Amino acid sequence: MIPETLADADQKMGKSVEALKREMGTVRTGRATPALVENLVVDYYDTPTPLKQLASISIPEARLIVIQPWDRTAMQAIEKAILKSDVGMTPSSDGQVIRLAVPPLTEERRKEMVKVLRKRVEESRNAVRNVRTHALEALRKMESNKEMSQDDLKRASDQVQKLHDKHILAIEDLGKAKEAEVMRV
């Protein structure tokens with residue numbers, strides 16, 4: 001029962017780190033990446049649909065995103081979704097493709113992005129802490145039900161703490177790396 005609890009905690013903490021990695025990919029750094037727009041929800045024939053299911057997204061240059069819809073009737077809906085979103089770019093269309101020029105970030109905007117990044121890192125830390133709390137509660141419950149000894153509880157608690165520390169360190173490293181990338185001019 002103890003190994004299952006530890007494996008479950010490790011898996012959930014790992015998922016928190018993975019979720020943070022995905023979120024970090026959507027943060028603008030001044031360079032074009034498909035992650036900036038691929039999950040935008042487009043109202044396609046009154047059905048909310050992710051952009052990546054409606055068009056191919058390519059990056060021909062470092063500061064340009066090209067979106068080529070598979071159905072040209074979706075052009076207007078895609079443009080509306082981009083304008084409504086918070087990506088901060090204005091689409092230009094030629095009837096075939098939509099181009100998004102990624103403007104360089106101002107110093108003020110970079111600092112704003114760093115604040116958003118720090119908030120997301122803190123949310124991930126809290127998620128890992130919550131997983132640790134739940135795992136420790138499960139272990140204490142096992143100990144109170146006489147399913148394990150106090151010594152086993154102490155050892156398992158130490159292992160949960162080590163897992164927690166490992167994942168918190170990974171989260172902080174991700175945050176520092178992305179912050180450095182955002183602040184780089």
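Here the structure is a predicted model, which means the values were calculated and not measured. Residue numbers run from 1 in the order of the sequence given.
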Minimum heavy-atom distance between Thr5 and Ala138, given as atom pair plus value: CG2-CB, 4.2 Å
Quick check: closest heavy atoms across Gly175 and Met24, and the distance to 0.1 Å? CA-CE, 3.8 Å
Heavy-atom pair with the smallest gap, counting every atom of Pro48 and Asp43: N-OD1, 4.3 Å
Any chance you could lay out the side chain to side chain contact (heavy atoms under 4.5 Å, CB included) test for Glu123 and Leu20, step after step, and finish with the verdict? CA-CA 9 Å; Glu123 288 169 358; Leu20 179 65; over 6 Å; no
Could you tell me whether the side chain of His167 and the main chain of Leu163 form a donor-acceptor pair under 3.5 Å? yes
Measure across Tyr44 and Ala74 and return the closest heavy-atom pair with its distance rounded to 0.1 Å. CE1-CB, 3.6 Å
Quick test of your reading of the model: are Arg109 and Glu112 salt-bridged, counting only N-O distances below 4.0 Å? yes
Is there a path from Tyr45 to Leu54 through hydrophobic residues (I, L, V, M, F, W, Y) whose side chains come within less than 4.5 Å of each other? yes
Do Met183 and Leu174 share a hydrophobic cluster, counting only Ile, Leu, Val, Met, Phe, Trp and Tyr and linking them when any side-chain heavy atoms are less than 4.5 Å apart? yes
Which atoms form the tightest heavy-atom contact between Arg120 and Glu23, and what is the distance? CD-OE1, 3.1 Å
Around Glu172, counting heavy atoms of other residues, nucleotides and ligands shown, do more than 12 lie under 6.0 Å from its CD? yes
Working to the nearest 0.5 angstrom, can you tell me the gap between Lys15 NZ and Ser124 OG? 14.5 Å
Check: residues 77-85 side-chain donor-acceptor pairs under 3.5 Å, at least two apart:
residue: Glu79; atom: OE2; partner: Ser93; partner atom: OG; Å: 3.3
residue: Ser85; atom: OG; partner: Ile82; partner atom: O; Å: 2.8

Would you call Lys162-Asp158 a salt bridge at under 4.0 Å N-O? no
Taking it one step at a time, do Leu36 and Met89 satisfy side chain to side chain contact (heavy atoms under 4.5 Å, CB included)? CA-CA 10 Å; Leu36 291 173; Met89 294 180 269; 4.3 Å; yes
Could you state whether Ile65 and Val97 fall into the same hydrophobic cluster, counting links through intermediate Ile, Leu, Val, Met, Phe, Trp or Tyr residues with side-chain heavy atoms under 4.5 angstrom apart? no
Start with the C-alpha distance between Asp94 and Arg99, add both sets of side-chain angles, then the distance that settles side chain to side chain contact (heavy atoms under 4.5 Å, CB included), and finish with yes or no. CA-CA 9 Å; Asp94 65 2; Arg99 289 181 179 80; 3.2 Å; yes
Which heavy-atom pair separates Pro91 from Ile98 by the least distance, and what is that distance? CB-CG2, 3.6 Å
Any ion pair linking Glu122 and Arg125 (charged N to carboxylate O, less than 4.0 Å)? yes
Would Val66 and Ile59 count as a side chain to side chain contact (heavy atoms under 4.5 Å, CB included) here? Give the steps. CA-CA 6 Å; Val66 175; Ile59 312 295; over 6 Å; no
Starting from Leu64, can I reach Ile57 by hopping between I/L/V/M/F/W/Y residues whose side chains sit under 4.5 Å apart? no
Answer yes when Glu18 and Lys21 have at least one side-chain N-carboxylate O distance shorter than 4.0 Å, and no when they do not. yes
For Glu4, does the CD atom sit with more than 12 other heavy atoms under 6.0 Å from it, leaving out its own atoms? yes
So, are Lys154 and Asp151 salt-bridged, with charged N and O less than 4.0 Å apart? no
Around atom CD of Glu137, are there more than 12 heavy atoms of other residues, nucleotides or ligands at under 6.0 Å? yes
My understanding is that only one of Asp173, Val17, Val128 makes a side-chain contact (heavy atoms from CB on, under 4.5 Å) with Ile168; could you say which? Val128
Run the salt-bridge test on Glu147 and Lys141 with the 4.0 Å N-O cut-off and return the result as yes or no. no
Please confirm whether the backbone N or O of Val182 pairs with a side-chain atom of Arg110, one donor and one acceptor, at under 3.5 Å? yes
